[in-house]
Each structure stands twice: as C-alpha cells, then as structure tokens.
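Written out below as structure tokens is the structure these notes cover.
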2 protein chains.
Amino acid sequence: MADKATQAPFTISQLAAEFGLTTRALRHYEDQGLIAPQRRGRARLYSSRDRARLALILRGKRVGLALSEIKEILDLYALGDGQHAQMRATRAVLLERAAALRAQRVDIDLALAELAQGLEWIEQRLTVPVLALVDVAIASAYDAEARRRLDE
Amino acid sequence: MADKATQAPFTISQLAAEFGLTTRALRHYEDQGLIAPQRRGRARLYSSRDRARLALILRGKRVGLALSEIKEILDLYALGDGQHAQMRATRAVLLERAAALRAQRVDIDLALAELAQGLEWIEQRLTVPVLALVDVAIASAYDAEARRRLDE
DNA sequence: TTCATGCTTGACGTTTACGTAAAGAGCCTT
DNA sequence: AAGGCTCTTTACGTAAACGTCAAGCATGAA
C-alpha cells in the first residue's frame, strides 16, 4: 500500500526530480520565501504539504505569475482569517494576470499579421519571374520610403 | 513644400522623438551595429536612409525579433549581391519567428485556460452560500491533495 | 566671456529566475 | 581511515535592452 519510492518526507533532489526542477530552483523558491521545509540538521525535508505547496507554485508559474506574486498569494492564505477577503485578493491577482495574457495575445496576433505582410512581400519577390521587375519597383514599400529622398 | 520641422539630416533627439524612443536606445542600436549615422564632428546626423533603416529596426522589434536577429537581416541586405539568397535567408528568419509566436500563443491559451479554472474555483467559493460547505470540502482539489496525508 | 543647451563617451545599474562553481559538512560503505 | 555521495551555504555570473548617472565638448545667444 505504501509507496516506497516517493513517500512522506522528501529530500530536495527527490522533489526536484519529481517536478522536473533543479535543486537550485527549489532553494531559490525558499530564498524568496515561497516555501520553507523543515530541517533535519541542515538538510531540508519536504512534507506532503510542502509538495502540494510546490505544485501550487508551479501552477502560478505556468500562468505567468512572478515568484513575488505567487508569494503574495501564498502569504495571504497563510494568514487564514477572512477566507473571502483572501479569495477576493487572489481573484484580483488572477484577473489581472488574465488581462495581461489577453493583451499579450493581441500583441502576438498583431506581430503575426505584420510578419505575414513581410513574408508576403518577400514571397512575391521570390516568386515573380524576372519579367515583373516593374511591379517590384512599384510595390516596394520599404525601398520606396528609403529612396524617396536620398539626402546626404 | 518642404517641411522645416523634420527634414533631411536629423539629430538623435529629433529621431528619438519622432519614433518615441530615447536617445539611449538609438545609441544602443548603434552600439549593436544596427545603424551607423554619419558624424558632424562627434555629433550624429541621421539621413533619411537611416530613418528608413530605423523604421525597419522597429518593425523587427514589433514582431519580436532580437536586435541581433535584426542585425543579421540588415547585414544580409548590406551585402546586396544575390538578392534571392538574402530574401530566402530573411524569409527563414521570419518563418521561425512566426512559428515561435504561434507557440507562444498556444502557451498563453493554456495559461488562460488554467487561470480560468482557478478563477472558477475561487468564484464558487465566493458565490456559494455558507450552506454548501460540503461541496467546498469535496470539490477542493488543492486541499484534497494537501490534506490527504498530513505527515510530519 | 559666460550660460544654457544639446551632444558625446564611458560605465555601472536594473530586472528575473535561476546557473554555476567553490568549499565544506554529514553519513554510509568498504 | 578513506572514499564517495548527497546535502549545505555563499556568492558571482547570465541574458536583453536599455536606464541612469557622471563628466566633458561645442555651439549659439546674451
């Protein structure tokens, strides 16, 4: 019944391996106050609770939260008083993040559109046989702008 | 006919203002070998050609190219020999960028989906009247995982 | 001549999330 | 006792694109 491989107290390298992280990353999270495993001597011992906490941290990372933001949320729940207040605060953070992500998405779409234009421009010059040199001279937006005035 | 305000040779601050950049940024582009205006004494004088080049640089930035990548493309066209070869190289870079952007968009979508889940989770706990505490206890994925085994 | 501006070249600082040594401690095995 | 392995702390390094002084020329106006 009891798994022997990954049980109760985990060493840092066990947890790192399980989540595909480096031990450095885990120590870093600790440095930043995101997690604080017990010690047996100096060595860290991660409990299941710590493991769950780490899972939350990684969730935060996946949605693009900074470690500092994740810490804020985690700290909120540490207080554990007015549940609703914490939830509302967390919701605010997440909504902000969602808005930021959507904004990023828009930027990406714009960038893709501009890229498509550039590619189209190039594709034409690569496709059109040497005959259509006229078109090239006309359609060239870049060159047009660059050559309109050749001062200096 | 001739605009007096922004004409032929531009000073660094003029160009910066026109494109909404800082002079530092322009000097940085120069440091990185992206542009090289003439000098009158030590002062930089940007020609229309430089201005067009800067416009291209900013295009590159908008689509998410690194300055080093923009430089590569620019350098390619500086050679000016086999046109097609340059275009193909540029196309390759742009296609790569497009692929990267699409990948980023997928990541964002995944993040948004995960965020939506988290928000839903929170929203329920905020909405559901105190009566449905049972549901709370059952549905809680995070808590379920965290509480299943409270070792230590 | 003296100022105010605007330009110049260094050159270190910033941000984020770790990477990468370096040097040592603790524990188990041979 | 000597390795060998995993753990520890300390601390500088990294990447990108500039930001932010600092200190000094240069030029046109007063």
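First the proteins, then the strands, lettered A, B, ... as listed; each starts at 1. None of these values were measured; they are calculated from a predicted model.
In this structure, F19(A) atom CZ and dA17(C) atom P are separated by 19 Å, rounded to whole Å. In this structure, the CD1 atom of I35(A) is 16 Å from the P atom of dA17(C), given to the nearest Å. What separates CD of E69(A) from P of dA17(C) is a distance of 9 Å, to the nearest Å. One can place CG of L21(B) at 8 Å from P of dC18(D), the figure rounded to the nearest angstrom. One atom, CD of Q32(A), and another, P of dA17(C), lie 8 Å apart when rounded to the nearest Å. One atom, CZ of F10(A), and another, P of dT6(D), lie 19 Å apart when rounded to the nearest Å. In this structure, the NZ atom of K61(A) is 8 Å from the C1' atom of dC18(C), given to the nearest Å. In this structure, the CZ atom of R40(A) is 15 Å from the P atom of dT6(D), given to the nearest Å.
More than 12 heavy atoms of other residues, nucleotides or ligands sit less than 6.0 Å from atom CD of E123(A).
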Could you write nucleotides 2-15 of chain C as a row of B, S and -, 5' to 3', where a protein heavy atom under 4.0 Å of any base atom gives B, of only sugar-phosphate atoms gives S, and otherwise -? -----SBB-B----
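Partners of R62(B) according to the side-chain hydrogen bond (donor to acceptor under 3.5 Å, both in side chains) rule, which considers only residues two or more places apart in sequence or in another chain, are E114(A). Partners of R27(B) by salt bridge (charged side-chain N to carboxylate O under 4.0 Å, His left out), not counting sequence neighbours: none found. The salt bridge (charged side-chain N to carboxylate O under 4.0 Å, His left out) check on E30(B) picks up R39(B), R44(B), with sequence neighbours excluded. Partners of D109(B) according to the salt bridge (charged side-chain N to carboxylate O under 4.0 Å, His left out) rule, which considers only residues two or more places apart in sequence or in another chain, are R105(A). The side chain to side chain contact (heavy atoms under 4.5 Å, CB included) search around R40(A) returns L45(A), not counting sequence neighbours. Residues passing the salt bridge (charged side-chain N to carboxylate O under 4.0 Å, His left out) test with R24(A): none are found, sequence neighbours excluded. Shown here are the side chain to side chain contact (heavy atoms under 4.5 Å, CB included) partners of R53(B), two or more places apart in sequence or in another chain: I35(B), L74(B). Contacts of E72(A) classified as side chain to side chain contact (heavy atoms under 4.5 Å, CB included), with partners at least two apart in sequence or in another chain: none.
One finds no side-chain N or O of K71(A) lying less than 4.0 angstrom from the OP1 or OP2 phosphate oxygen of dA17(C). Distances shorter than 4.0 Å separate none of the side-chain N or O atoms of Y29(A) from OP1 or OP2 on dA17(C).
Note on the helix from dT1(C)-dA30(D) to dT30(C)-dA1(D): angle between the axes of the first and last five pairs equals 30°, rounded to 10 degrees.
Remark: nothing in residues 104-115 of chain B comes within less than 4.0 Å of DNA chain C through any heavy atom.
Grouped with L110(B) in one hydrophobic cluster are V106(B), the linkage being side-chain heavy-atom contacts under 4.5 Å among Ile, Leu, Val, Met, Phe, Trp and Tyr residues.
In this structure, the side chain of Q124(A) does not engage the main chain of W121(A) through any donor-acceptor pair within 3.5 Å.
Using a 4.0 Å heavy-atom distance criterion, T22(A) is classed as a sugar-phosphate-only contact.
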